[in-house]
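Down below is the structure, laid out as C-alpha cells.
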Protein chains: 2
Amino acid sequence: MEQKEISRAVIKRLPRYYRYLGELMKDGVERISSNELSERMKVTASQIRQDLNNFGGFGQQGYGYNVPYLYSEIAKILGIDKQHNIIIIGAGNLGQAIANYTNFERRGFMIKGMFDINPRLVGMTVRGIEVYPVEQLEEFIKENDVQIAALTIPKTKAKEMAEKVISYGVKAIWNFAHIDLDLPEDVVVENVHLSESLMRLSYKVTHMDDNIKEIPR
Amino acid sequence: MEQKEISRAVIKRLPRYYRYLGELMKDGVERISSNELSERMKVTASQIRQDLNNFGGFGQQGYGYNVPYLYSEIAKILGIDKQHNIIIIGAGNLGQAIANYTNFERRGFMIKGMFDINPRLVGMTVRGIEVYPVEQLEEFIKENDVQIAALTIPKTKAKEMAEKVISYGVKAIWNFAHIDLDLPEDVVVENVHLSESLMRLSYKVTHMDDNIKEIPR
DNA sequence: AAAGATTGACACTTTTTTTACCAAAAGATA
DNA sequence: TATCTTTTGGTAAAAAAAGTGTCAATCTTT
C-alpha cells in the first residue's frame, strides 16, 4: 500500500510525535496546528507536515490536526495498536529490569515469559512473569504466538540463541548483547548497545570544548 | 586542535571499530589492512580509512594498521583511556541492572554510588555500590569528581534531578527517562529511550512486508 | 634496488534530510 | 452568503550529510 520508502529520520521521529500528542491529550487539547506543535517540539512546522504526509493526510486545512485522531493514527503506523507478545531471553538484572517495566504493557507489548539456562533462576517470577528453562522455548513460542525476543544475555551466547528463537518463529530481536547479529533479511533487529551509548557519551564529554571555538564566525 | 566537524555517522561507528579491534587483539592479530578489516566489518575500506583519518594518520603505507596501537588510539578518541566517575540516580530495577554490569568498569566507567528518594532503598548496596539519599548529592558529586549521572527515574522527576546534578557540577547525563531534557548547551545528554526503541521495532515488524516488493526492479 | 602493498588526502557522487512555497480546502467572521 | 483567514498537502528546491573512487606518496618486502 505504501510505495515510497520512508526515511530513517522520519521513523525515528514518530515515537516523539506520539509522546507529545499523548501529553496534549492528557491536557485535554482537542486540536493543534503544525505551527503550534512545531513550537512545542522545536522542529519546523514543515517537517511535521511532511513527516505525517508520508503516511497520509491526517489534518484538515484551516483546522489543523485533531489530537486524539492523530494519536491513534500514529499508533497504527507504529503498529502499537495491536498486541505484541514478547519473551525475554536472559533473566539476569537487565532482563528483570525490563520485565518490571510496566509501561511496555500499556503500549501493547505483553511480556509472556522469561528464559534462562541457569537452573537457579528457573521457576522464579518477576511481577508475575515466570522464568522457564530454555528447553521449553520452542513449545512456548509456538503456543504463545511470540513475535519479539529481547536478548539480555552475554554476547557469547547471543547469536546462537537468536538463531534458535528465530527458527521457532520469532520475527524480531530486541538485542541488548554487544554483538552484530547478522541474521536473515526478513528478521527485524533493533539494537540497544548500552556500552556504545556510553562510549558516545564519553566522546561527547571529551570533545565538548572542541566545538566551542566554532561558534564565533 | 581538531578543526573540522566530525560527522555523527563517524562517531557512531567508532565504538564498533573499537570492538572489532579488541577482538582482533584477543586473537593475537598484530596488524591489519583497511581492506581486510572492511571484509570482516562489512563496510568499505575507503570508509574505514576516511573515518580514521578524521582523527589522524594511524596507519602506515605498505603495512596497514597496527592493531594494539589503533585500539589504544581509538580509546583516546572516545575518551575511554581516562577514568570517568558515574552516579546512578534512581536505584530501581534499571539502576540496579546498570550497577551490576561490570563491563562498564573495565572501560573506565566507575560507578561511585546510587541515589534514591525512597528511604527503603537507601543503605542498600549493589555489588558493593551503596545507595545514598538525594540530600547527599551535592557533597558526593563534589567529593568524588562525578562527571556523569545516569538518570534511571520516572520522567516526572527527571528534569528536576538533571538540573540539580548539573548545578552540582555533573557534565553529562545518561538519560533513560522518556522525556526531552532540554538543558544548557554545555551539558552533554545521551538518551537511551527504551520505549522508543521498542516502538521502532514494532514499526519495523509491522511494515516488514512493505519493502519486499521493492527488491525486484 | 625494484616490486608490491597500502595509506592519506582529495574530489566527486550519491543519498538523505530539511526547508520553502503555494494552490486548494476548510473554518471563521460579519 | 460572501469574504477573509488559517492551515494543510504536495511538490520542488536547497542544503547537508554520507559514502566512494582514485592516485601520488611512502613504506615493506624481497
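Because only heavy atoms are used, hydrogens play no part in the values below, and waters and symmetry mates are left out as well, while side chains stay in. Here is the naming used below: chain letters follow the sequence lines, and residue numbers restart at 1 for every chain. Everything numeric here is computed off the predicted structure, so don't read it as measured data.
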Nucleic acid footprint by protein, nucleotides 3-8 of chain D - heavy-atom cut-off 4.0 Å, B for base, S for sugar-phosphate alone: ---BBB

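Rounding to whole angstrom units, CG of residue Asn66(A) and P of dA26(C) are separated by 16 Å. For the pair Ile6(A) CD1 and dT17(C) P, the interatomic distance rounds to 12 Å; values are reported in whole Å. Rounding to whole angstrom units, CG of residue Leu52(B) and P of dA9(C) are separated by 12 Å. Computed from coordinates, the Glu36(B) CD to dT6(C) C1' distance equals 13 Å when rounded to whole Å. Regarding Glu5(A), its CD atom lies at a distance of 13 Å from the P atom of dT15(C), rounded to whole Å. Rounded to an integer number of Å, the gap from Lys12(A) NZ to dT16(C) C1' is 13 Å.
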Please evaluate residues Asp182(B) and Lys42(A) with respect to the criterion salt bridge (Lys or Arg N to Asp or Glu O under 4.0 Å), reporting the C-alpha separation (whole Å), side-chain torsions for both, the decisive distance (0.1 Å), and the verdict. CA-CA 10 Å; Asp182(B) 23 46; Lys42(A) 290 175 186 167; 3.4 Å; yes

Take Asp180(A) and Arg19(B) through the test salt bridge (Lys or Arg N to Asp or Glu O under 4.0 Å) and record every step on the way to the result. CA-CA 10 Å; Asp180(A) 301 329; Arg19(B) 174 154 52 92; 3.0 Å; yes

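Here the side chain of Arg31(A) pairs a donor or acceptor atom with the backbone of Tyr63(A) at under 3.5 angstrom.
No side-chain heavy atom of Tyr69(B) sits under 4.5 Å from any side-chain heavy atom of Gln60(B). Phe115(A) places none of its side-chain heavy atoms less than 4.5 Å from the side chain of Val165(A).
Ring centroid separation for the pair Phe104(B) and Trp174(B) comes in under the 6.0 Å cut-off.
For the pair Ala177(B) and Ala158(B), the tightest heavy-atom approach, listed with the atom from each and the gap, is CB-CB, 3.5 Å. Shortest non-hydrogen contact noted between Leu52(A) and Ile74(A) is CD2-CD1, 4.2 Å.
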Distances under 3.5 Å between nitrogen or oxygen atoms of protein and nucleotides 18-20 of chain D:
unit_1, atom_1, unit_2, atom_2, d
dA18(D), OP2, Ser7(B), OG, 3.2
dG19(D), OP2, Arg13(B), NH1, 2.7
dG19(D), OP2, Arg13(B), NH2, 3.0
dG19(D), OP2, Gln47(B), NE2, 3.1
dG19(D), O5', Gln47(B), NE2, 3.4
dT20(D), OP2, Thr44(B), OG1, 3.1
dT20(D), O4, Gln50(B), OE1, 2.6

